[in-house]
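First the proteins, then the strands, lettered A, B, ... as listed; each starts at 1.
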Amino acid sequence: MSNNNWLEKILPSIRKTSENRRANVPEGLWRKCPRCDGVLYLPELERNQEVCPKCEHHMRIGARQRLDLFLDQGPRAEIGADLAPVDRLKFKDSKKYKDRLTGAQKATGEHDALVATRGHLKGLALVACAFEFRFMGGSMGSVVGSRFVRAVETCLEQRVPLVCFSASGGARMQEALFSLMQMARTSAALQRMREQRLPFISVMTDPVYGGVSASLAMLGDINVAEPNALIGFAGPRVIEQTVRQKLPEGFQRSEFLLEHGAIDMIVHRHEMRDTVHRLLAGLTGAPLEEEAAEG
Amino acid sequence: MNPNFLDFEQPIAELEAKIEELRLVGNDSDVNLSEEIRKLEEKSIRLTESIFGNLTSWQISQLARHPRRPYTLDYIHRIFDHFDELHGDRSFADDPAIVGGIARLGERPVMVIGHQKGREVRDKVHRNFGMPKPEGYRKALRLMEMAERFAMPVLTFIDTPGAFPGIDAEERGQSEAIARNLREMSSLRVPVVTTVIGEGGSGGALAIGVCDHLQMLEYATYSVISPEGCASILWRSSDKAAEAADAMGLTARRLHELGIVDEVISEPLGGAHRDHDLAARRIRDSLSTRLEALGELAVTDLVERRYQRLLDYANVEERERKNED
């Protein structure tokens, strides 16, 4: 124990030094990897699809960047872009929901936390959607639910597959029970996909929790996760408080989910396009070679 | 303080204790106290009416978890005849936090499924405080699918703080179990009527609550997160639970106004815990009426209607359409 006391004494100064070091990383061009602490050159990080070249850590990325990395260049048609949130409950906590929405809209340039679009993947027509985690933690309220349902409806009309990249803290508390109902709505829509034998691939990225995990994200015909993503129903802190037990190493990481049978595979971001295309081609009987994208 | 009464029920508890005392004295002596007792009883009714006429969302949240409140099995035994409980998910275990089985509502065979809380300490632990694990949801789904095969309506009762947040539950796929139920219930080819009898805690509640008719007891609650949970996240202090309860609009009346809940079943004066039999009769009546009506729909109409109901649960506005190409 004396070792610990000794460590406690010098810890503050160590912490200080590391903060200083962070402050010394020049702004704008460099970023520190949250996992390995490696100092990364931003243009290089971007070329590497926001994956740390030193430790392969997959950084969180925005919805549009995600879709850009995933889809072919070329025409896209956004789905449900005209839908905007309504604060029917006039919800106010320490801040008004309306103000939180305005803040998030300003910070992200999005109207809500899901972007859905028609597009192509190696020539294969599909609908893809991605959560914007920076928009109120990617939380699912009425607009996210509605856009997702519209995305499914588009798939049903066009008879194309759906791919969804989730990154979300769960249901949006500020829309109260309406948020909870989005779990049922999105799941019901996916049932129609299933009945029509149209494939849905769910790609879980760091993090996926609560109402999103317990609805659309787990309902893929094939469930995929990026490496080392945190995925679960209840957050680790809540679990720790409930069971008063230390959580096992690697708990709720992608690798843990794979081991426990919750997901089909872990796919590196660099392999995402090829892998998802191969899976979809397999499910739909499309040829594996790239088709010429239609205009 | 009587532990079987909540804070705001204490004045009622005191008055009733007094009445009880007078009764005992009256029995033991020749003095006629019946007039006195009658007056006090009237006073007690008026007092209860005035307290319960003006409850805050937070008080209702407490009533929804009242220690004497009837639980699913209390209702099942009062509402139905011949309940045969069925156990197990067929792949891992039987979860005592969810009960289910075949029963008769009058002449009609029905599948009944509900969260189950325990009354005394040992029973509470056995029922895991009404917090199901994946095997509970999987048992529920197994019974619902059986009901579909044998054309039995499904009646579910919601009363849970939420799905269990535990290591084992995560390992066995809590999220997937809930998600699958939501998906499968949306297209179940038999009528589903859900009654929220106590706490409707989030996804753990909804996982047996995708339905054709959603009804709530007057002092039940239904919310996306518990008031305490909401407060500790949004206000960073669980002391703000009362504010959170109010902001979320989790009461039956409010949710009825918002169009999410189809019907509010009024409770006996002073709450369902004051008269289990009467509360059960009211639920029974409304279940019978509802099943009658839903029974007239063709199966395809029933399923389509359920889907459209789900689609209506949203608050969005359409801004001017941007150029989509």
Tell me, for [X] versus chain A, whether the close heavy atoms (under 4.5 Å) come from the side chain, the backbone, both or neither.
X	value
B:Ile260	side chain
B:Glu257	backbone
B:Ile225	side chain
B:Ala207	neither
B:Glu317	both

Would you indicate whether the side-chain heavy atoms of [Y] and [X] approach each other to under 4.5 Å?
X	Y	result
B:Ile60	B:Leu250	no
B:Glu148	B:Ser187	no
A:Met140	A:Met183	yes
B:Met146	B:Arg142	yes

Between [options], which shows the greatest number of heavy-atom pairs under 4.5 Å with chain A?
options	value
B:Glu171, B:Met185, B:Glu176	B:Glu171
B:Tyr222, B:Tyr307, B:Phe164	B:Tyr307
B:Leu255, B:Val210, B:Leu206	B:Leu206
B:Lys240, B:Glu184, B:Glu170	B:Glu170
B:Gly203, B:Gly249, B:Ser202, B:Gly173	B:Ser202

Which atoms of [X] are under 4.5 Å from chain B, going by heavy atoms: the side chain, the backbone, both sets, or neither?
X	answer
A:Tyr209	neither
A:Arg100	side chain
A:Phe251	side chain
A:Glu259	neither
A:Gln182	side chain
A:Val149	side chain
A:Ala84	both
A:Thr242	side chain

Based on non-hydrogen pairs under 4.5 Å, which of [options] is most in contact with chain B?
options	result
A:Gln174, A:Lys95, A:Glu175, A:Lys90	A:Gln174
A:Gly170, A:Ala189, A:Ala262, A:Pro236	A:Ala189
A:Leu247, A:Val208, A:Asp112, A:Ile239	A:Ile239
A:Thr186, A:Leu83, A:Leu219	A:Leu219
A:Gln245, A:Arg118, A:Arg192	A:Arg192

When you check the side-chain N and O atoms of [X] and [Y], is any donor under 3.5 Å from an acceptor?
X	Y	value
B:Ser186	A:Gln191	no
A:Arg185	A:Ser146	yes
B:Thr194	B:Thr156	yes
A:Tyr97	A:Arg172	yes
A:Thr117	A:Glu78	no

For atom CD of A:Glu249, decide whether the heavy atoms of other residues, nucleotides or ligands shown that lie under 6.0 angstrom number more than 12.
no
Are more than 12 heavy atoms, taken from residues, nucleotides or ligands other than B:Arg309, located less than 6.0 Å from that residue's CZ atom?
yes
How would you list all residue pairs meeting salt bridge (Lys or Arg N to Asp or Glu O under 4.0 Å) that involve residues 216-234 of chain A, not counting sequence neighbours?
A:Arg66-A:Glu226, A:Glu226-A:Arg269
Check this for me: does any side-chain nitrogen of one of B:Asp95 and B:Lys139 sit under 4.0 Å from a carboxylate oxygen of the other?
no
